[in-house]
Amino acid sequence: MYSCVMSGTIFGIQGVLIQVEADLSDGLPGFHMVGYLSGEVRESSERIRTAIRNSGFELPPKRVVINLSPADIRKNGAGFDLPIAVAMLISLGYIPEAYTRDILFIGELGLNGAVLPMNGVLAIVDEAVKQGYRYVVVSTENANEASLIPGIHVIGVDSLEVLVQILNADVKITPIDSPHVMMIRADQSIRQKQDTIPQSFINFKDFKGQPLIRRAMEIAASGMHNILMTGPPGAGKTMAAKCLTGILPELNHEESMEITKIYSIRGLFDSRQGLIRTRPFRAPHHTITSTSLIGGGVYPVPGEITLAHHGVLFLDELPEFNKNVIEVLRQPLEDGHVVVNRLQASYHFPADVMLIAAMNPCPCGCYPDRTKCSCSVQQIRHYQGKVSRAILDRMDLMLRIQPVKYQDILDHKEEEDSEVIRERVCRVHRLQKKRYRKYGYYYNSQLTMDGIREFCVLDRESKDYMQSIFEKHDLSARGYHRLLKLARTIADMDGEEDIYIRHVSEAAAYRIIQE
Amino acid sequence: MEDTFYYYFLTCLWSLTPIRLHEIVDYYGGPKEFYEASEKDYEGIHKKTIQTILRTKSEDSLLRNWENLRRDTVRFIPCNSPDYPKEFLQLPDYPFGIYIEGKLPHELDPEGGRSPRIAVVGARNGTTYGRETAFRYAKELAMSGCRIISGLASGIDGAAHAGCLDGQGYTIGILGSGIHKIYPKENYKLYLSMRERGGILSEYPPDLEPYAHLFPRRNRLISILADYVLVVEAKKKSGSLITVDYALEQGKTVGAVPGRPCDVLSEGCNHLIRQGAACVTDACDVLEELADNPGFLTVRKDQVPVNLSLGLAQDEKKVYSVLRLEPQFVDDIITAIDFPVWKTVSILSELEIKGVVRQDPHQFYYRIQ
């Protein structure tokens with residue numbers, strides 16, 4: 001007898017719905033699965049049959065054929081166990097077929113019939129809602145996550161046996177009250193219950209002295225510009241980077257949903273906390289490979305740069321990274337997304353990050369303090385040369401950072417609170433979003449050529465000034481445009497419509513490094 | 001074989017010390033005789049030296065490079081040529097030939113007079129302050145009509161050459177390697193402009209790689225060519241002091257720029273002053289010393305630029321007054337002035353464009369005197 005139910009899988013960071021068909025017929029007993037399956041899906045046949053038997057259902061010696069369609073998408077992951085089992089049970093007559101229409105099944109099975117959680121439920125459910133599905137059955141652990149998507153009824157079950165019981169009554173009408181079932185109705189979406197999550201950043205209040213870094217961090221946060229910090233060990237590079245996340249505005253709902261989906265796919269998401277509200281801060285170690293940085297694998301999964309989407313990617317000790325690892329960042333930093341190509345398909349991963357990099361100025365770290373540093377000029381040159389021009393060119397603010405002075409540590413002078421700075425940053429963000437709403441980008445750092453022409457207008461005086469900077473420092477075209485974008489952000493912070501000399505000159509102090 | 005070839009051959013024996021080479025050549029009675037001597041004639045010479053001579057003689061590259069030299073932009077001047085600098089002949093171990101690109105200083109001097117030549121030397125890893133000083137003094141001396149001689153090394157040497165070129169003067173660099181193997185590489189740009197507007201000199205064949213032990217040897221050429229040796233920054237044990245030793249032997253005047261007693265890079269200079277070297281705190285000090293010599297073309301003291309008012313605005317003056325001659329981190333400048341951060345930073349940036357302030361390294365600012 002033929003039956004079919006719906007399930008889903010992940011393609012890149014996108015959910016895709018998959019139809020699971022089962023057919024039981026007379027003939028030589030056997031279990032066949034088709035539909036472009038990966039190893040872990042193929043293995044599921046043993047799991048499913050054992051789980052069905054251990055849940056108290058009889059499996060007659062019949063020829064079973066399972067098909068997962070569409071056949072041109074490679075299916076991987078263990079999430080098809082549950083839908084295959086349900087489809088077989090329908091064919092065997094344990095579940096009335098009419099009651100399973102309009103329901104999506106996602107879950108892995110244990111040999112004892114337990115329904116287990118899996119990664120990426122959020123993206124699949126999101127896709128299901130878009131396609132008009134109203135019910136989803138997942139494991140109880142996944143129920144909260146699935147309910148983050150508004151407009152769908154979530155039924156969390158902990159075993160196959162319980163699922164068959166409740167499917168025998170029409171779940172769409174009868175509410176169930178059982179300790180084994182977690183039912184979340186569409187109108188009870190967990191989303192509304194959430195408060196702001198406790199944050200784990202360092203407050204700028206505790207960041208003593210170092211006025212240049214404070215100012216530069218605020219500029220970077222306001223326009224989402226990339227930063228490179230150079231300074232000796234212990235000068236506060238890492239601390240400055242951690243402070244920065246505290247002054248970035250909260251994510252809006254769309255951004256939040258986008259990031260939560262990515263984290264769900266990578267299995268890094270705790271559904272009890274609801275959607276991810278704070279901007280991500282990813283600090284991969286310098287031994288990272290290029291694949292894990294930008295994403296990849298046989299079935300491409302997003303890498304660190306995508307996990308830092310809409311947030312901060314912090315690369316500490318930049319010259320210690322493998323050279324080709326840094327170089328792969330060139331294209332994503334310009335385009336804001338990563339394309340991973342495979343023979344069958346190409347995968348787009350969003351990667352709109354603010355890059356914060358930190359490095360020592362020389363192998364010992366103390367240059368230019370010649371009383372401590374004894375590195376030769378060649379050594380210093382070699383060390384700094386590990387970071388290519390191409391990457392340096394993509395850095396908007398290049399900052400020196402020197403250790404805090406003893407007086408500054410002792411000084412009880414009140415430094416500004418992160419909350420106050422964040423208020424100002426939010427204002428500048430709103431201003432930019434309003435200005436660029438028709439153009440498909442949000443921040444000054446994302447300005448296109450046309451955008452620069454339209455929004456970075458210089459008056460006569462500052463045009464002349466820009467020309468003298470250009471000639472004196474021998475700028476490249478990219479350098480010139482990056483400088484303009486940075487000046488735009490500084491003018492925005494100043495509340496000015498036009499860019500004046502003071503904005504350009506301040507930007508030049510951060511942007512331009514001469515030989 | 002023409003006569004010049006034998007002198008060329010002698011320069012290829014760079015691995016022998018020049019004084020030893022002179023002894024051997026004198027023994028044979030001339031370069032030609034020395035070249036044509038056969039193995040058994042080399043009696044009484046150390047075995048290793050004979051091996052070097054025979055190997056150099058039999059190498060294919062000896063003739064090939066000789067042929068290449070004809071097509072090269074590098075000129076070879078043997079010591080018997082009238083173009084050969086007379087000063088070198090005062091040395092007991094003068095080079096048998098020199099390679100030159102650009103012009104030699106005496107070729108530019110008019111009949112019957114000559115411009116004073118000043119060697120500016122100092123540490124390779126000098127401070128920013130030292131490099132700025134060398135640059136400024138060289139520029140001012142060049143503008144007064146002096147020629148600047150140095151060793152085209154990194155640090156003080158390079159700054160002196162650059163300063164001289166900036167003052168539209170003539171400068172010559174004396175290398176410790178072949179002319180086609182400029183060392184260090186960072187001075188390649190400088191080399192290109194010196195080739196056009198000054199000179200590059202070496203006693204070694206053009207393709208010789210840099211060897212550390214050959215560098216001190218060329219210092220004798222720097223000092224003999226100069227009338228005055230100015231040391232800008234030097235450690236207690238420094239190559240610059242070798243130049244000074246040669247200069248004193250050769251009877252040249254030595255001057256040094258004083259530094260703070262605690263500075264490692266000033267120890268050498270302060271030591272020289274204690275021993276009687278002229279204490280130079282201004283380019284004019286050097287010019288005055290030279291003015292006594294009647295043989296020189298008159299130097300134009302009035303050409304030295306006087307720092308007039310810089311024409312800065314009120315706020316700019318305030319920032320400028322905080323700056324020092326040594327680089328200072330921008331945070332310290334910000335804390336010293338009660339301006340908001342953006343204001344100090346943008347004023348520093350504007351002062352830099354005006355050319356009165358520089359950074360080295362990035363975001364360490366200092367003023368130019």
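Computed over heavy atoms, backbone and side chain alike; hydrogens, waters and symmetry mates excluded. Just so you know, these numbers come straight off a predicted model, no measurement behind them. In what follows, every chain begins at residue 1, and chains take the letters A, B, ... in the order their sequences are listed.
- Top candidate by heavy-atom pairs under 4.5 Å with chain A, chosen from B:Thr127, B:Ile353, B:Val341, is B:Ile353.
- With a 6.0 Å cutoff to the six-membered ring centre and a 45° limit on the axis angle, B:Lys343 counts as a cation-pi contact of B:Phe339.
- Heavy atoms of A:Arg381 lying under 4.5 Å from chain B belong exclusively to its side chain.
- Considering only heavy atoms from C-beta on, A:Arg214 comes within 4.5 Å of A:Phe207 through its side chain.
- Both the backbone and the side chain of A:Leu399 come within less than 4.5 Å of a heavy atom in chain B.
- In this structure, the portions of A:Tyr510 lying under 4.5 Å from any heavy atom of chain B include both its backbone and its side chain.
- We find that A:Arg502 and B:Glu350 are not joined by a salt bridge, their nearest charged nitrogen and carboxylate oxygen being 4.0 Å or further apart.
- Contact check for B:Arg218 versus B:Ile222: side-chain heavy atoms found under the 4.5 Å cut-off.
- In this structure, the portion of A:Gln378 lying under 4.5 Å from any heavy atom of chain B is its side chain and not its backbone.
- Interface remark: A:Arg400 contributes backbone and side-chain atoms alike to the contact with chain B (heavy atom separation under 4.5 Å).
- With a 4.5 Å cut-off on non-hydrogen atoms, B:Val345 touches chain A through its backbone and its side chain both.
- For the residue pair A:Gln467/A:Glu471, the side-chain donor-acceptor check at 3.5 Å is satisfied.
- Interface residue A:Met398: backbone and side-chain heavy atoms are both found under 4.5 Å from chain B.
- With hydrogens and angles disregarded, no donor-acceptor distance shorter than 3.5 Å links the side chain of B:Asn270 to the backbone of B:Pro258.
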